[in-house]
Amino acid sequence: MSQSILVTGGAGFIGSHVVRRLVNRYPDYRIVNLDKLTYAGNLENLRDIENKPNYTFVKADILDLENIRALFRDFKFDGVIHLAAESHVDRSLTNPTEFSATNITGTLHLLIASKESWGSDKRKRYYQISTDEVYGSAHDGSKFTETTPIDPKSPYSASKASADHFVHAYFNSFGLPALISRCSNNYGPNHFPEKLIPLMIHNIITHKPLPVYGKGENVRDWLFVEDHASAIDAIFHKATPGSVYNIGGNNEWKNIDLVKYLCRLMDQKLQRADGTSEKLITYVTDRPGHDLRYAIDSTKLQSDLGWKPSVTFEQGLEKTVDWYLANAAWLSNVTSGAYQAYYNKMYSGR
Ligand code: NAD
Ligand code: TYD
């Protein structure tokens with residue numbers, strides 16, 4: 001094997017697409033997927049590649065530093081792509097300590113183990129998967145660039161921003177060959193139905209109300225998850241240590257417009273009369289401190305590394321809806337058990 005790469009959080013939404021891409025494209029790399037399998041981690045997401053000879057799954061917690069050190073000794077990693085995180089803003093509002101532990105301390109553990117193994121060896125790579133939410137809310141007409149000041153507004157984004165600062169500190173203090181990328185909102189297959197798009201798809205299928213926060217005026221900039229995975233691949237292989245890249249597809253949507261578009265698409269796919277799904281839209285109490293707008297400028301990534309998205313939003317959303325309709329068992333498994341309690345706590349009486 002020419003390289004040994006640790007991917008954390010590979011059983012989650014984005015991580016599963018990153019692992020699949022790396023395992024299939026680089027048969028001479030050993031890809032080690034480390035995941036704790038929280039509610040968001042699901043090995044079903046990787047059934048198609050789990051028996052490939054260059055893939056290894058390790059169930060582990062990034063908060064267990066001794067185990068992380070042991071894995072570095074056993075697998076002699078050349079690179080780390082760190083995706084494991086608590087990722088849902090609404091959960092961060094009620095459970096911030098878990099976000100602080102996983103997203104900040106967990107990142108620090110990976111930095112510590114990387115530095116102990118590599119020092120400042122420039123042939124190695126530590127790659128932090130961050131989010132555009134660390135920039136806070138974008139003012140009208142402006143987009144986040146890599147030099148926009150960090151200004152997180154939610155406990156989730158505060159924990160991710162803190163992790164980014166630690167990554168930068170390790171690059172600055174110890175020369176750890178580190179990279180950071182900050183992507184906009186992702187959508188696509190394997191997305192846990194707590195986030196806007198898969199939650200709406202699930203509720204449309206099951207004829208449940210579609211809870212739109214506030215007036216639905218908030219804007220998000222959406223990217224198909226496989227395009228995020230291709231950007232991660234390019235940045236991991238080509239970027240210079242110390243660099244930061246924004247990732248996004250120039251695709252801003254007001255939540256209410258997106259939900260209405262999805263309703264029309266689902267009516268067609270489910271052969272329901274036009275307007276059936278839209279009747280399910282219900283405006284609910286807004287999220288506290290809800291960031292109004294995210295908008296990302298990924299010019300640097302496009303011009304430095306030649307990356308561009310492979311699908312339009314319309315194509316990506318259709319692929320996503322088709323995937324959920326073809327994978328009813330996946331959706332039913334992840335929405336049974338603890339999900340119902342979460343859903344009721346989050347949405348009933350709102
Ligand atoms: P996800 O919630 O779907 O998956 C997170 C994964 O991390 C799960 O498999 C979970 O089991 C694992 N995990 C959680 N705590 C762990 C721990 N202590 N030890 C080991 N594994 C643990 O998240 P996602 O949406 O795929 O996001 C992945 C990364 O990308 C995160 O770092 C997130 O901040 C970032 N990101 C997400 C988006 C988005 O739109 N979803 C956008 C930009 C950046
Ligand atoms: P989400 O998918 O949670 O991502 P993030 O908060 O990280 O951007 O939410 C996307 C947008 O959709 C955000 O403005 C909140 C809104 N939203 C709803 O209106 N209803 C919902 O049920 C959810 C989960 C989100």
Side-chain angles (χ1 to χ4, degrees), residues 7-19 33-43 45-46 58-64 67-68 81-93 98-99 101-103 105-107 109-110 128-134 137 154 156-157 159-160 163-164 181-188 190-200 202-203 209-223 225 228-229 232 246-248 253-256 258-259 281-287 290-294 296 334 343 346-347 350:
V7 180
T8 69
F13 167 47
I14 301 169
S16 61
H17 291 274
V18 171
V19 165
N33 170 15
L34 181 160
D35 200 295
K36 182 182 170 187
L37 300 181
T38 67
Y39 78 93
N42 185 350
L43 290 177
N45 296 344
L46 290 165
V58 177
K59 186 171 188 296
D61 188 336
I62 54 172
L63 291 176
D64 182 351
N67 193 27
I68 300 291
I81 306 179
H82 177 37
L83 296 108
E86 287 296 332
S87 67
H88 189 35
V89 173
D90 290 326
R91 291 186 193 249
S92 81
L93 295 164
E98 204 168 350
F99 282 69
T102 300
N103 297 359
T105 308
T107 296
H109 287 174
L110 290 161
Q128 179 75 7
I129 306 304
S130 185
T131 165
D132 64 351
E133 301 191 25
V134 300
S137 192
S154 73
Y156 163 68
S157 55
S159 68
K160 293 293 291 185
D164 284 11
S181 64
R182 300 184 177 132
C183 191
S184 59
N185 287 61
N186 285 214
Y187 69 96
N190 302 345
H191 206 182
F192 191 81
E194 63 186 352
K195 308 278 171 57
L196 179 73
I197 290 179
L199 185 139
M200 294 294 166
H202 177 241
N203 285 14
L210 308 180
V212 172
Y213 296 171
K215 294 181 179 154
E217 300 279 320
N218 301 67
V219 173
R220 295 294 182 262
D221 193 346
W222 294 94
L223 183 71
V225 63
H228 188 186
I232 289 173
N246 283 349
I247 308 172
W253 283 74
K254 259 187 201 171
N255 291 340
I256 189 62
L258 191 162
V259 171
I281 291 176
T282 310
Y283 293 93
V284 301
T285 309
D286 208 351
R287 172 189 282 172
H290 195 172
D291 285 339
L292 184 58
R293 175 169 169 259
Y294 300 144
I296 196 143
V334 302
Y343 192 89
M346 186 63 70
Y347 292 99
R350 186 166 180 168

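All heavy atoms count here, side chains included; hydrogens, waters and symmetry mates do not. The first residue in the sequence is number 1, and the count goes up from there. Numbering of ligands and ligand atoms starts at 1, following listing order. Just so you know, these numbers come straight off a predicted model, no measurement behind them.
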When you compare ligand 1 with [X], is there at least one nitrogen or oxygen pair between them that comes in under 3.5 angstrom?
| X | answer |
| --- | --- |
| Thr38 | yes |
| Leu63 | no |
| Lys36 | yes |
| Tyr39 | no |
| Glu86 | no |

Which ligand 1 atoms does [X] reach within 4.0 Å, using its non-hydrogen atoms?
| X | answer |
| --- | --- |
| Ile129 | 30 (O), 32 (O) |
| Ser184 | 42 (C), 43 (C) |
| Gly41 | 8 (C), 9 (O), 11 (O) |
| Ser130 | 43 (C), 44 (C) |
| Ala11 | 9 (O) |
| Leu37 | 11 (O) |

>> Heavy-atom pairs closer than 4.0 Å: do any link ligand 1 to the side chain of Lys160, the backbone, both, or neither?
In response: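 Near ligand 1, Lys160 shows its side chain, while the N, CA, C and O stay back.
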
> Partners of Tyr156 by ring pair (Phe, Tyr, Trp, His ring centres under 6.0 Å), sequence neighbours excluded?
Replying inline: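 If we apply the ring pair (Phe, Tyr, Trp, His ring centres under 6.0 Å) test to Tyr156, skipping adjacent residues, there are no hits.
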
Of all the non-hydrogen atoms in the protein, which one sits nearest to [atom], and at what distance?
| atom | value |
| --- | --- |
| atom 31 (C) of ligand 1 | Leu83 O, 3.2 Å |
| atom 8 (C) of ligand 1 | Asp35 OD2, 3.6 Å |
| atom 37 (C) of ligand 1 | Ile14 CD1, 3.3 Å |

> Between Ala84, Cys183, Ser87, Ala85, which one has a non-hydrogen atom sitting closest to atom 1 (P) of ligand 1?
Replying inline: Ser87

> In chain order, what residues pass the side-chain hydrogen bond (donor to acceptor under 3.5 Å, both in side chains) check against Lys195, with sequence neighbours excluded?
Replying inline: Ser87

Pick out the protein N or O atoms lying less than 3.5 Å from any N or O of ligand 2, and list each pair with its distance.
{"from": "ligand 2", "atom 1": "2 (O)", "to": "Leu196", "atom 2": "N", "distance (Å)": "2.8"}
{"from": "ligand 2", "atom 1": "3 (O)", "to": "Arg287", "atom 2": "NH2", "distance (Å)": "3.1"}
{"from": "ligand 2", "atom 1": "4 (O)", "to": "Asn185", "atom 2": "ND2", "distance (Å)": "3.3"}
{"from": "ligand 2", "atom 1": "6 (O)", "to": "Arg287", "atom 2": "NH1", "distance (Å)": "2.5"}
{"from": "ligand 2", "atom 1": "6 (O)", "to": "Arg287", "atom 2": "NH2", "distance (Å)": "3.2"}
{"from": "ligand 2", "atom 1": "7 (O)", "to": "Glu133", "atom 2": "OE2", "distance (Å)": "2.6"}
{"from": "ligand 2", "atom 1": "8 (O)", "to": "Asn185", "atom 2": "ND2", "distance (Å)": "2.9"}
{"from": "ligand 2", "atom 1": "8 (O)", "to": "Arg220", "atom 2": "NE", "distance (Å)": "2.7"}
{"from": "ligand 2", "atom 1": "12 (O)", "to": "Asn255", "atom 2": "ND2", "distance (Å)": "3.4"}
{"from": "ligand 2", "atom 1": "14 (O)", "to": "Arg220", "atom 2": "NH2", "distance (Å)": "3.3"}
{"from": "ligand 2", "atom 1": "14 (O)", "to": "Asn255", "atom 2": "ND2", "distance (Å)": "2.9"}
{"from": "ligand 2", "atom 1": "14 (O)", "to": "His290", "atom 2": "NE2", "distance (Å)": "2.6"}
{"from": "ligand 2", "atom 1": "19 (O)", "to": "Tyr213", "atom 2": "N", "distance (Å)": "2.9"}
{"from": "ligand 2", "atom 1": "20 (N)", "to": "Pro211", "atom 2": "O", "distance (Å)": "2.7"}
{"from": "ligand 2", "atom 1": "22 (O)", "to": "Pro211", "atom 2": "O", "distance (Å)": "3.3"}
{"from": "ligand 2", "atom 1": "22 (O)", "to": "Tyr347", "atom 2": "OH", "distance (Å)": "2.8"}

>> Quick check: closest heavy atoms across Glu86 and Tyr39, and the distance to 0.1 Å?
In response: OE1-CE2, 3.8 Å

>> Looking at every non-hydrogen atom in both residues, tell me the closest pair between Ser16 and Asn190 and how far apart they are.
In response: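 Distance-wise, the nearest heavy atoms are OG-ND2, 3.1 Å.
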
Return yes when [X] approaches ligand 1 closer than 4.0 angstrom through a heavy atom, no otherwise.
| X | value |
| --- | --- |
| Asp61 | yes |
| Gly10 | no |
| Thr102 | yes |
| Tyr156 | yes |

>> If the threshold is 4.0 Å, N to carboxylate O, is there a salt bridge linking Glu98 and Arg91?
In response: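 So Glu98 does not pair with Arg91 through a salt bridge.
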
> Listed by chain and number, what are the salt bridge (Lys or Arg N to Asp or Glu O under 4.0 Å) partners of Arg287, not counting sequence neighbours?
Replying inline: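 Arg287: salt bridge (Lys or Arg N to Asp or Glu O under 4.0 Å) contacts with Asp90.
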
